[in-house]
Amino acid sequence: MEQLLYASEVVVNGLMAGVMYSLVALGFVLIYKASGVFNYAQGVMALFAALTLVGIQQGQVPFAHLINAAFGTHLETFGWTVPSVLAILLTAAVMVGLAILIEKLVLKHLVGQEPIILFMATIGLAWFLEGLGDVMWGANVKSLDVGIPQGLSETVESATFALTGYGFFIDRLDIWAAVVAVLLVAALVAFSQYTKQGRAMRAVADDHQAALSVGISLRFIWIMVWSIAGFVALVAGIMWGTKSGVQFSLSLIALKALPVLMLGGFTSIPGAIVGGLIIGMGEKLFEYFIGPMVGGATENWFAYVLALVFLVFRPQGLFGEKIIERV
Amino acid sequence: MFYREAGDFKTSYRDDSQTFPLKLDRMGYYAALAVAFLVVPLVINDYWANSVFVPFLIYAIAALGLNILTGYAGQVSLGTGGFMAVGAYATYKLSTSFPGISVLIHILLAGGITAVVGVLFGLPSLRIKGFYLAVATLAAQFFLIWLFNKVPWFYNYSASGQITVPERTFLGQFITGPQTSATAKYLVCLVFAVGLAWVARNLTRGTVGRKWMAIRDMDIAAEIIGVNPLTAKLTAFAVSSFFIGVAGALFFSVYLGAAEASEAFGINKSFLVLFMVIIGGLGSIFGSFAGAAFLVLLPVFLKNVLVGGMGWPTDLAAHIELMIVGALIVFFLIVEPHGLAQLWRLTKEKLRLWPFPH
Amino acid sequence: MSMNDLEPHLTPDGRQIGGVLMDMKNITLRFGGVTAIKDISFNIREGEIRAIIGPNGAGKSSMMNVMSGFYVPQEGEVWFRGAKRPQIKPYEVARLGIARTFQNIALFDGMSVLDNIMTGRLTMMKSNLLQQAIWWGRAEAEENAHREKVEKIIDFLEIQNIRKTPVGRLPYGLKKRVELARALAAEPKLLMLDEPMAGMNVEEKEDMSRFILDVNDEFGTTIALIEHDMGVVMDLSDRVVVMDYGRKIGDGTPDEVRGNQEVIDAYLGVAHA
Amino acid sequence: MKLRFASLVAGAIMAAAPALADLVVPNLSYRTGPYAANGTQYADGFNDWFTLLNERDGGIGGQKIQVPECETAYNTEKGVECYESTKGQGALVYNPLSTGITYQLIPKVSADKIPLYTPGYGRTSAKDGRVFEWVFNAPANYWDGASVIVKHLLDLNGGDLNGKKIALVYHNSAYGKEPIRTLQDLSKKHGFTLSEIAVDPPGQEQKSQWLQIRREKPDYVILYGWGVMNQASIQEAANIRFPMENLIGIWWSGSEVDVQPAGAAANGFKSVAFHGAGQDYPAYADLKQHVIDPGKASQGGQHVGSVLYSRGLYAAVVISEAIRKAQEMTGKAEVTPADVRAAFEQLDITPARLTELGLPDFGPEIKMSCENHGGSGMARMQQWDAAAGKWNVISEFTEPDQEILNPLIAADSEAFAKENNIQLRCN
Amino acid sequence: MNAVAQPEGDLRSIPALLARNAAQMGNRPAYREKEFGIWQSWTWAQVQDEIRALAMGFLALGLNRGDHVAIIGRNRPAHYWTMVAAQMCGAVPVPLYQDAIASELAYVLGHSGARFVVCGDQEQVDKVIEAEEANHAVDQIIYTDKRGMRKYDHSRMNWLADVQAEGRAARQRFEAELDARIAEPGYDDTCVMLYTSGTTGKPKGVVLSNRNVIETARNSARFDGLKPGDDVLAYLPMAWVGDFIFSVGQAMWTGFCVNCPEGAHTMMTDLREIGPTYFFAPPRVFEGQLTSVMIRMEDAGRIKKALFDHYMKLARRIGPAILDGKPVGMVDRLRYALGNLFVYGPLKNTLGFSRVRVGYTAGEAIGPEIFDFYRSLGINLKQLYGQTEATVFITQQPDGQVRADTVGVPSPGVEVKIADNGEVYYRSPGTFVEYYKNAESTASTKDPQGWVATGDAGFFEPGSGHLRIIDRAKDVGRMADGSLFAPKFVENKLKFYPNVLEAVVFGNKRDFCTAFINIDLTAVGNWAERNNVAYASYQELAGHPQVYAAIKAHVEEVNRSVAADPMLSGCQIHRFLVLHKELDADDGEMTRTRKVRRNVVEEKYADLIAALYEGRDSVHTETEVTYEDGRKGRIAATLRIEDARTFPSAVPAPEHKVAAE
């Protein structure tokens with residue numbers, strides 16, 4: 001009985017962790033669906049967004065280090081702080097600007113290239129953004145606080161204790177993340193269902209040629225999609241940044257999103273969510289039950305193996321479009 | 001411009017299908033080999049060997065291997081780092097278990113072991129295609145690294161989990177361990193690189209190579225004309241992994257001398273080698289070398305320019321270097337998505353047509 | 001001469017027609033709820049040019065895919081060279097001596113014309129990986145021997161001047177020819193051509209017709225071809241199967257088929273409508 | 001065109017070698033990559049001490065010190081490249097601040113005959129001078145740290161840890177695995193149960209590990225983390241309300257960088273340390289006067305006085321003392337790496353000497369010998385005061401349990417000697 | 001030279017030369033053919049074996065002494081071998097033009113009475129069958145390429161390879177017989193019979209003896225120092241005497257290697273691959289190549305173009321001098337070497353001339369610009385003058401004495417004299433035996449002393465002793481005012497312009513000269529493309545006003561240059577038109593060697609000529625044309641007639657009296 005309770009706690013926490021993965025995976029899916037680009041830079045975009053957010057919040061001088069090195073000045077901060085909401089809005093604007101630049105400088109020139117080339121380009125982009133983020137805001141660890149609470153949720157603990165005699169641990173941040181994820185998905189769905197731009201986006205995702213022929217500007221759609229992905233990255237950045245500080249390692253969360261994508265299918269938003277939940281739950285359960293037997297630290301590879309096993313049976317992912325072979 | 005092809009004709013299929021059908025190319029190739037084998041060993045020092053030549057040659061081997069899989073057989077892999085680790089740990093286990101046998105043989109055996117592991121992880125490729133496969137190979141990457149970290153047998157139960165290469169000699173010269181001279185390191189890697197490039201060329205020009213390319217270009221048509229996708233893909237995984245295994249073995253035993261799985265063979269290695277292949281040119285042996293040279297030299301070059309030349313703080317330089325490398329990669333992909341090899345081919349075409357524009 | 005007369009004989013232009021090479025018995029193929037082929041039987045005799053015609057969507061391509069082993073029919077049997085063909089993979093079918101071309105050209109774009117045609121001979125190459133790796137002895141000898149064979153085909157199809165061109169750069173008509181060359185390189189017992197003249201202009205069609213006749217004539221290769229364009233087929237083929245909506249509505253010599261009222265209604269009627 | 005580029009490349013690579021300086025102490029630092037935040041502070045401290053010596057004393061023994069910095073990004077290959085590119089400049093001693101790189105360099109420095117100084121990291125068994133002629137890791141190593149932590153716990157529990165549960169949360173790498181054997185031996189000796197919990201680097205996500213801890217309820221958790229893993233661990237510990245004073249980090253888990261992201265929740269977190277922190281030392285006045293105020297501080301002096309800054313500074317102090325000693329021993333101002341190595345073996349940094357340096361009680365006494373390249377192994381505990389934002393020292397320098405450690409070290413180093421055909425020295 | 005030379009040793013026939021080559025240099029390459037993607041090669045020893053097998057096959061098929069063996073096909077080793085095999089059997093090979101139409105074939109087959117015909121492929125077989133339907137004189141048809149031949153009635157038809165196989169199988173039976181037949185022919189027995197193209201009338205069969213061929217081959221090979229190891233590209237029609245001399249006579253004599261291209265469409269590629277050391281081409285080929293060089297350079301980038309122009313200017317200045325071994329300054333030589341690296345070398349390489357040691361052009365006059373272009377690149381291009389009846393060589397240019405406007409000095413062993421009417425006569429060991437079955441023509445061409453009339457008018461240039469040819473003797477006429485009319489002289493000048501493909505000048509017994517022009521579709525079409533001039537057909541392009549303007553400029557340039565030659569200044573063109581169709585051999589307007597049949601043109605386009613002289617501005621005409629497949633059709637057009645400026649004669653009087661006077 002106790003084992004079962006522990007297991008359920010692990011499951012619940014796994015699901016919560018899965019939500020965090022899904023937040024990153026969502027950005028991938030959006031871009032892949034609309035432009036066929038496998039955007040490896042999504043993780044770095046989250047880092048960049050978080051760095052920018054903290055930088056704006058704390059009134060850091062962008063490129064201070066570079067300016068200091070070049071001109072011998074001693075710039076640090078502007079000496080003001082920006083309220084969180086405003087900072088988030090400003091950061092979102094920066095991400096839109098970034099999307100426009102990416103479209104203008106990169107994507108536009110790579111139209112019609114093979115997917116692997118586009119993929120590689122996004123890795124190049126990732127390196128660039130990583131360097132840029134560091135040059136702009138510095139490489140030190142920053143703590144991010146936009147008012148999201150962290151730590152054990154007593155409500156849950158006491159509720160579950162009353163119910164089962166064992167108080168479940170759930171991080172309040174995770175609850176917030178789940179709520180935000182639900183809101184985000186709802187917003188995305190609403191956007192794509194009920195707005196003109198959203199419908200255009202779906203049209204492009206379905207068939208580029210057809211969309212072009214009815215007069216949808218592909219470039220606009222791409223900018224829009226990258227902007228939305230940038231916003232999703234910002235959300236992921238806020239969540240992960242709050243959790244473990246804003247720093248280089250944040251970009252590595254992309255690696256946690258990849259098995260989620262594999263599992264859910266590259267083109268499915270529900271896939272990203274369900275995939276995240278399965279991966280989160282799966283890896284936590286495995287780490288909890290099997291981990292100790294094999295020495296632990298299994299989460300990284302187990303997520304991939306889990307996804308791999310799924311794929312062998314469903315090569316297009318859980319929610320991916322079926323691949324029909326023709327000659 | 002420099003080509004004089006008139007009178008350079010072929011009277012047999014053997015001549016016609018040789019690697020460098022043009023006499024000038026052939027001469028250039030022999031000249032490059034002569035320089036590589038006779039001149040460089042005389043002038044090389046520790047810095048050039050360890051910072052430039054040895055990593056270049058080893059990465060070239062790894063890139064060759066990945067190019068066989070990705071460029072020729074069309075199977076995208078991000079498991080290179082993991083497979084290199086297999087090569088490294090296999091060499092370590094072999095050379096510590098059988099000290100009487102030459103480490104060069106151990107390196108080749110390590111390649112063989114990696115090939116077996118590669119085949120194992122290549123099995124999903126029969127069902128999974130494209131990016132899904134790329135991501136799936138990450139499973140190999142993470143699992144293998146985890147395995148080498150977790151199972152003490154692999155690192156002979158040493159306290160830290162590091163593996164350190166034993167000193168071994170060949171023809172009385174140290175070829176592994178700290179006493180190895182720069183020349184010896186370089187030559188060992190050069191022999192492997194040249195030999196394996198030759199093997200890669202042979203494989204890719206013949207039956208196996210055509211099967212790979214057929215699978216890459218149109219797998220269904222390939223199957224209908226009689227290519228067994230199972231064997232074609234698995235041989236690609238096997239051969240590719242052999243190369244990568246040898247690269248990993250050399251990386252550990254000749255270059256680093258000591259290694260730890262997650263540090264030396266992490267996911268970054270996989271990306272780096274994939275980059276080399278793409279920047280160099282998919283499906284090109286020359287491209288593998290060019291890509292390796294580009295990505296080994298560029299950071300060294302930038303670092304020396306920015307820090308050594310311009311005196312910038314190292315961190316700023318490193319970040320700007322990251323930006324430059326990233327931007328250059330994007331730029332390259334935009335300008336020539338088929339890589340340096342294609343650029344080289346076009347240049348050669350131009351030179352052959354000179355002075356005509358087309 | 002009736003279509004049921006399976007005695008070997010010589011055609012008026014001196015070609016040898018032998019016994020049954022491939023026999024399709026009561027083939028039915030369904031995709032989900034859709035029946036693409038409904039209980040069709042016909043045979044192909046050694047040395048003949050056999051055409052399958054029908055309007056778009058008649059199930060011709062599905063039939064060819066069944067013949068080449070790419071689709072497995074729900075019902076019916078495929079007999080080849082006097083034996084029932086077990087359910088095998090497409091690449092094993094190729095090894096039985098069946099080669100084909102594709103309606104939407106399926107060449108290997110990353111390879112040269114020569115390499116593409118060489119792939120046609122892959123099933124005959126025997127050297128192992130190690131021999132190829134060192135490119136010594138058997139591997140090289142084999143390569144050159146097959147190259148010679150392939151060069152004969154290149155010569156036959158008059159594509160010498162594009163030998164080393166990457167196929168991606170070729171115009172449509174030449175691609176079709178290269179694809180034919182690749183199929184021929186396999187020295188097939190049965191050569192299947194999937195709309196070999198689709199999308200060609202009159203001149204290219206004439207060339208292709210000539211090549212098809214020459215192949216049949218020179219090498220005695222049995223040819224099964226699917227074609228949409230009825231005129232071309234009538235001139236080329238010895239016997240014709242007519243399909244419509246997955247059914248067989250006619251089978252016989254071009255003259256017989258031409259006179260068949262059902263064919264006229266279903267096919268010609270549609271075509272002229 | 002191609003030729004020009006090639007010569008440019010060659011030129012640039014060659015340009016990496018500056019003119020030979022009198023005393024060269026390369027700083028293989030990392031200010032980028034996953035551990036940039038830590039590496040930056042350390043490198044600043046390292047640089048600033050030498051700057052101080054140059055500015056205030058005109059170097060050591062009248063010889064200026066050059067500290068060429070080379071970015072490794074905590075990457076072994078880059079580390080090797082840095083080593084190779086700087087060794088030609090006459091480097092006297094290396095301090096790469098990376099266990100991975102240290103393992104690369106141990107065989108190389110032995111062949112090149114350049115001493116390697118790895119305070120508090122690197123290969124623990126390098127303490128055995130009989131085997132590792134060119135490597136020094138005083139004042140303390142990973143195993144010392146583990147032992148000192150256990151001693152502290154013994155102190156807290158009246159010398160008895162019987163039946164207690166201790167969990168080790170470690171960075172799943174060579175570094176993180178170091179203390180396992182020591183702790184296993186100590187658990188046998190003291191009767192506590194040890195559970196080992198690995199965290200795969202980088203380690204932002206440790207939910208399952210901490211759920212496990214929450215369930216097992218160990219009395220103490222020892223943390224061997226690095227980089228983001230520390231922050232995540234401390235945060236997760238706080239999240240599950242693990243008593244912060246029962247979470248004890250090795251010195252690599254005990255810097256401001258690690259505790260600040262968790263904010264107030266990190267209050268009470270303990271770590272072991274082998275040197276002081278903060279600016280309450282007389283030397284800082286000199287630093288301020290000669291280095292910081294004139295704007296000569298490395299990277300603008302943002303981190304002066306932080307734990308990692310102090311550690312870098314401490315490493316620089318020991319190295320400069322070794323050089324000074326080498327000058328004394330040879331009577332020459334220009335010393336060779338071999339001289340410095342010999343000096344390391346003779347090094348004796350007494351409390352008095354530390355006071356002289358303006359750093360009273362900054363570190364334990366270091367006394368090395370031919371056999372002992374690791375010093376006393378003494379370390380002390382410090383505790384984070386979140387409100388004040390500073391580390392408070394809560395114990396004196398304590399000696400580790402040499403009884404346990406020495407056999408382990410001897411076994412490991414002798415195995416190494418055997419594998420590599422090394423003749424034991426110091427007989 | 002009147003003394004009758006004797007054969008060296010017993011080398012008195014081609015088979016004898018072959019035996020010598022096989023014995024002395026059995027392992028050297030003798031023939032190569034681009035086939036199946038590579039240059040299939042045969043050594044002299046192999047070639048001997050192949051030919052002997054073929055000859056024995058012929059014997060098995062019943063080839064008799066004195067039979068004629070017609071050969072019709074493209075240049076292939078097998079075809080050369082059939083000639084030698086026929087000779088071995090004592091038969092006479094008769095190579096025919098492969099593009100001859102059936103009616104032409106019928107005549108020559110009938111005339112020669114060929115019993116055996118060797119055909120290259122199905123197409124030739126069809127023609128032969130059609131041609132001899134009437135008389136059925138042909139006993140055996142042998143085809144080289146068996147494609148499409150399965151369905152034919154094989155009762156008197158064989159595949160060449162089968163004939164060889166048969167010959168090999170029958171070795172026991174025929175070896176002795178063959179050796180006996182090889183030993184039979186004497187030095188003066190027939191070696192080969194070649195049909196002249198015949199600008200007028202029916203083709204005539206020129207009988208050449210072994211002496212003719214071997215002596216000529218020997219003399220000419222020595223003249224240019226040809227040696228084993230040289231490579232020649234055999235691509236000119238096998239029926240042409242030159243090809244027989246180069247690819248059989250000289251090849252057998254010196255033992256150099258004959259390379260056959262894969263086909264006409266790969267000729268240029270094959271030329272480049274082989275890179276011959278000894279090369280022969282009519283001016284047309286050189287013109288074509290130069291045109292394509294210029295066209296391709298048009299698209300080159302600015303730097304390349306500047307480099308090209310700069311170095312070509314330099315080359316024009318000093319290139320020929322360097323080639324002729326004249327003194328050139330050190331600096332210029334250095335600059336030339338640089339030019340060689342950047343321009344000349346690559347250019348020669350792309351053209352396939354890198355290795356050319358001896359190059360000849362003949363058949364027609366070559367434009368001095370074109371000639372100098374190749375010379376300046378360092379290609380040793382020379383001119384020769386000859387004809388079938390002379391076994392090619394009458395005069396040729398020795399190294400170092402090469403000029404565009406002469407045809408050189410008499411070849412070794414050749415005597416040349418200029419008759420009173422200016423016609424050139426020669427006598428040499430190569431002088432033909434007779435016209436086959438045409439004693440009358442033989443007698444009218446060759447006098448009892450052995451002098452042969454060339455039919456060309458020319459004179460020896462004082463000083464240099466080089467021969468200059470002005471025109472066909474019979475074409476040289478008088479204007480109404482009595483001044484000299486040499487149409488070819490003017491036509492050649494016109495044809496030197498890349499835009500002009502052909503020109504036909506009229507004016508005999510008239511007041512002034514007029515001309516028909518054919519534009520070069522490649523050159524003009526390219527110009528049109530670059531200037532966005534749309535056109536649908538040759539006819540449309542030919543009638544384009546801008547084209548007319550360009551041609552007019554050319555005509556006036558020519559007039560200016562003609563005016564400079566006092567003797568011929570009356571030949572300036574006053575009026576011209578651009579023809580609405582290309583002159584075509586299929587329409588009988590040209591010979592198969594692409595020489596204009598002046599009388600045919602004059603007859604066919606009488607209406608146009610009339611219009612030219614009537615002073616009309618335009619003329620409507622309808623013309624019958626023959627399409628490639630033999631069908632006939634008519635095209636109609638209205639042609640514009642332009643007047644061109646003429647110039648006064650520059651120099652008052654000729655300094656020396658020309659033979660033609």
Side-chain angles (χ1 to χ4, degrees), chain C residues 10-17 47 49 111-118 121 140-141 143-165 174 177-178 180-181 184-185 202-203 206-221 238, chain E residues 32-42 73-79 120-126 129 143-155 157 159-162 233 235 259-274 292 350 352 627-631:
Chain C
L10 277 176
T11 59
D13 58 356
R15 291 176 300 121
Q16 177 78 37
I17 304 290
I49 299 181
M111 292 192 240
S112 68
V113 168
L114 182 63
D115 275 330
N116 262 282
I117 304 175
M118 287 291 275
R121 301 193 68 81
E140 190 180 8
E143 172 87 4
N144 291 340
H146 286 289
R147 169 84 189 271
E148 211 174 318
K149 294 257 166 64
V150 163
E151 286 288 350
K152 297 256 156 77
I153 291 162
I154 290 178
D155 187 64
F156 185 84
L157 293 176
E158 294 162 18
I159 44 180
Q160 297 97 327
N161 49 341
I162 53 165
R163 185 185 285 115
K164 301 217 169 154
T165 316
L174 279 178
R177 222 189 274 181
V178 174
L180 175 61
L184 275 183
V202 177
E203 201 178 321
E206 274 174 10
D207 276 349
M208 187 50 90
S209 302
R210 181 164 58 87
F211 285 128
I212 292 172
L213 287 172
D214 280 353
V215 166
N216 176 254
D217 188 41
E218 263 335 89
F219 309 122
T221 309
D238 295 301
Chain E
R32 294 195 197 100
E33 180 183 24
K34 183 81 185 277
E35 201 186 15
F36 303 132
I38 49 172
W39 288 91
Q40 313 282 351
S41 302
W42 292 268
R74 64 183 169 88
N75 311 68
R76 301 192 64 170
H79 294 153
D121 54 18
Q122 187 189 4
E123 186 191 343
Q124 306 296 356
V125 172
D126 286 343
I129 291 173
Y143 52 85
T144 327
D145 183 352
K146 76 168 179 175
R147 172 146 188 200
M149 293 301 301
R150 212 175 54 80
K151 282 178 279 190
Y152 285 73
D153 169 15
H154 272 63
S155 57
M157 210 176 268
W159 182 29
L160 189 92
D162 286 341
L233 188 73
Y235 69 101
N259 301 279
C260 300
E262 192 160 23
H265 58 291
T266 62
M267 201 301 259
M268 294 315 290
T269 330
D270 294 339
L271 168 66
R272 188 177 182 207
E273 281 183 20
I274 281 297
S292 97
T350 27
Y627 296 113
E628 264 177 41
D629 54 8
R631 284 181 299 121

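Just so it is clear: chains get the letters A, B, ... in the order the sequence lines come, proteins before strands, and each one is counted from 1.
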Among residues 143-153 of chain C, which residues come closer than 4.5 Å to chain E, judged by heavy atom distances?
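If one takes a 4.5 Å heavy-atom cut-off, the residues of residues 143-153 of chain C near chain E are C/Arg147, C/Glu151, C/Lys152.
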
Restricting to side-chain contact (heavy atoms from CB on, under 4.5 Å), what partner residues turn up for E/Pro77, sequence neighbours left out?
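E/Tyr31, E/Glu33, E/Trp42, E/Trp81, E/Cys260.
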
To the nearest 0.5 angstrom, please state how far the CZ atom of C/Arg163 sits from the CD atom of E/Glu262.
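Separation between the atoms: 5.5 Å.
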
Rounded to the nearest 0.5 Å, how far apart are NZ of E/Lys146 and CD of C/Glu218?
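Rounded to the nearest 0.5 Å, the NZ-CD separation comes to 7.0 Å.
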
List for me each residue that meets salt bridge (Lys or Arg N to Asp or Glu O under 4.0 Å) alongside C/Glu206, sequence neighbours excluded, and say none if there are none.
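Partners of C/Glu206 by the salt bridge (Lys or Arg N to Asp or Glu O under 4.0 Å) criterion come out as none, since no residue qualifies.
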
Can you say whether C/Asp214 sits under 4.5 Å from chain E via the side chain, the backbone, both, or neither, judging by heavy atoms?
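The side chain, not the backbone.
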
C/Asp217 versus chain E, heavy atoms under 4.5 Å apart: side chain, backbone, both or neither?
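The answer is both parts of C/Asp217.
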
Is any side-chain heavy atom of C/Arg15 less than 4.5 Å from a side-chain heavy atom of E/Arg150?
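In short, these two side chains touch, coming nearer than 4.5 Å.
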
Tell me, out of C/Asn161, C/Asp155, C/Leu213, who's got the most heavy-atom pairs with chain E below 4.5 Å.
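With the most close heavy-atom pairs to chain E, the winner is C/Asp155.
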
Run the ring pair (Phe, Tyr, Trp, His ring centres under 6.0 Å) test against E/His154 and tell me which residues pass, sequence neighbours left out.
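Testing E/His154 for ring pair (Phe, Tyr, Trp, His ring centres under 6.0 Å), a comparison that skips the adjacent residues, returns E/Tyr143.
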
